[in-house]
Novice: 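Got a structure here, written out as structure tokens. Questions coming.
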Amino acid sequence: MRRDLPRSLDEDADASAPVVAVSSVAQAYRRESLWQKGRGERLIAFAGVRRGELVLDLGCGTGGLTQQLAELVGPDGHVLGIDPDEARIALARHTALAPNLEFKVGTAETLGEVAPGRPFDLVFSNFVFHWIRDKQAVLRLMRGLLRPAGRILVQCVSSLPALVAELSRLADPSGEQILRDFAFEDAAALARHVEGAGLQLLRLEEQHGTHVYPTLDALMTWWQATTHDRFDPRAVEPAALSRFVERHGDGGAFRVRETFCWFEARLPPTHAWGRGG
Ligand SMILES: C[S@@+](CC[C@H](N)C(=O)[O-])C[C@H]1O[C@@H](n2cnc3c(N)ncnc32)[C@H](O)[C@@H]1O
């Protein structure tokens with residue numbers, strides 16, 4: 001039996017990480033997103049990546065996981081990382097250097113143009129699908145890029161953490177707009193999209209985790225970076241922020257409880273009896 005992802009990733013919480021001044025939003029994202037990375041590493045371990053494979057990392061961000069995938073496929077393999085955020089791709093190109101590693105600016109919705117005609121062994125995507133509105137259409141594009149024996153592995157957040165929603169809404173009106181841009185869907189909806197895209201769902205799990213931000217600054221810096229600088233902490237009234245701290249601060253720390261899903265899918269097996277004779 002294949003190894004399960006952990007039920008709770010609480011142990012990933014990097015409660016002692018220092019809060020460093022933000023020099024750029026992409027760098028801040030890399031620094032503040034260690035828990036997404038930790039969960040992505042578990043997904044990579046589950047993926048059983050082999051030497052020589054061709055891998056697509058959709059929504060690769062600053063490229064940390066993409067680089068790990070490149071190490072696993074080795075010099076005979078190749079990894080393509082795609083992300084619409086030019087600053088994140090620039091940082092990825094700058095820091096993740098390997099001959100078998102390539103980064104492109106592009107979106108999930110335009111996958112066919114960004115990665116034309118490439119038959120991938122693995123299409124991997126960590127914490128990106130909650131930004132994608134038409135998941136079924138993107139899954140169809142992924143399906144078109146798979147080798148017959150290829151697999152798709154996706155992990156995403158399935159509902160908005162209440163604490164984050166409350167924080168975001170304090171930055172009126174931009175904080176509310178940011179929340180509308182997410183497209184959270186639960187496990188049942190994801191299963192329908194996978195099957196609707198003509199893929200076979202091999203496995204789907206919903207999980208819960210808590211990430212502890214050691215300070216309010218750490219929480220706000222992460223949310224600002226993850227929303228690509230659209231959440232502006234300066235837009236929050238100090239009095240409203242004090243009330244938020246009184247309600248949710250736990251000895252100065254903030255606990256974000258989230259629900260997320262991961263699934264594995266592949267092309268359906270062809271039915272020999274469907275060929276006649
Ligand atoms: C939470 S980050 C995850 C980054 C990386 N996969 C990781 O685990 O570290 C989500 C990424 O999805 C990208 N993204 C958002 N919308 C996207 C879309 N429509 N197509 C592809 N990527 C998208 C963002 O630019 C961002 O870098």
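Quick caveat, the model's predicted, so the values are computed rather than measured. Read the numbers this way: they start at 1 and go in the same order the structure lists the ligands and their atoms.
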Novice: How many angstroms lie between CD1 in I178 and CG in L160, if you round to the nearest 0.5 Å?
Specialist: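 Going from CD1 on I178 over to CG on L160, the span is 11.0 Å.
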
Novice: Are any of the N/O atoms on A108, whether in the backbone or the side chain, positioned under 3.5 angstrom from an N/O atom of ligand 1?
Specialist: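 A108 vs ligand 1: N/O contact under 3.5 Å present.
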
Novice: How does C60 reach ligand 1, by side chain, by backbone, by both or by neither, if only non-hydrogen atoms under 4.0 Å count?
Specialist: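 Within the 4.0 Å criterion, C60 contacts ligand 1 through backbone atoms alone.
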
Novice: What atoms of ligand 1 come within less than 4.0 Å of a heavy atom belonging to R88?
Specialist: 2 (S), 26 (C), 27 (O)

Novice: Does ligand 1 have any atom sitting under 4.0 Å from a heavy atom of H228?
Specialist: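 Yes, H228 has heavy atoms under 4.0 Å from ligand 1.
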
Novice: With side-chain contact (heavy atoms from CB on, under 4.5 Å) as the test, pick out the partner of V73 among D121, L54, V55.
Specialist: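 Per the side-chain contact (heavy atoms from CB on, under 4.5 Å) rule, the option paired with V73 is V55, out of D121, L54, V55.
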
Novice: Return the set of residues passing ring pair (Phe, Tyr, Trp, His ring centres under 6.0 Å) with H78 (not counting sequence neighbours), or none when no residue passes.
Specialist: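 Scan of H78 (ring pair (Phe, Tyr, Trp, His ring centres under 6.0 Å), adjacent residues dropped) gives none.
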
Novice: Provide the closest heavy-atom pair for I152 versus R143 in the form atom of the first, atom of the second, distance.
Specialist: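 Distance-wise, the nearest heavy atoms are CD1-N, 4.3 Å.
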
Novice: Please report the closest heavy-atom contact between F231 and A171, naming both atoms and the distance.
Specialist: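 Between these two residues, the closest heavy atoms are CE1-CB, 3.6 Å.
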
Novice: Show the nearest heavy-atom pair for residues A115 and L145, with the distance to one decimal.
Specialist: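 Taking every non-hydrogen atom into account, O-CD2, 3.2 Å.
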
Novice: List every atom of ligand 1 that sits less than 4.0 Å from any heavy atom of L65, numbering the atoms from 1 in the order shown and giving each element.
Specialist: 7 (C), 8 (O)

Novice: Which ligand 1 atoms, with their elements, are less than 4.0 angstrom from a heavy-atom of G61?
Specialist: 4 (C), 27 (O)

Novice: Report yes or no: does a heavy atom of G40 sit under 4.0 Å from some atom of ligand 1?
Specialist: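 G40: no contact with ligand 1 (<4.0 Å).
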
Novice: Hey, does D57 come in under 3.5 Å of ligand 1, counting only N/O atoms on both sides?
Specialist: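 No, there is no polar N/O contact under 3.5 Å.
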
Novice: Not counting sequence neighbours, list each pair that qualifies as a side-chain hydrogen bond (donor to acceptor under 3.5 Å, both in side chains) and has a residue in residues 124-133.
Specialist: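 Applying side-chain hydrogen bond (donor to acceptor under 3.5 Å, both in side chains) to every pair that reaches into residues 124-133, excluding sequence neighbours, yields N126-Q155.
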
Novice: For E109, take its heavy atoms, then give the atoms of ligand 1 lying under 4.0 Å from any of them.
Specialist: 18 (C), 19 (N), 20 (N)

Novice: Looking only at N/O atoms, are D83 and ligand 1 under 3.5 Å apart anywhere?
Specialist: yes

Novice: Compute the shortest N/O to N/O distance between G59 and ligand 1 and return yes if it is under 3.5 Å, no if not.
Specialist: yes

Novice: Whether E185 and R192 form a salt bridge (side-chain N of Lys/Arg under 4.0 Å from carboxylate O of Asp/Glu) is what I want to check.
Specialist: no

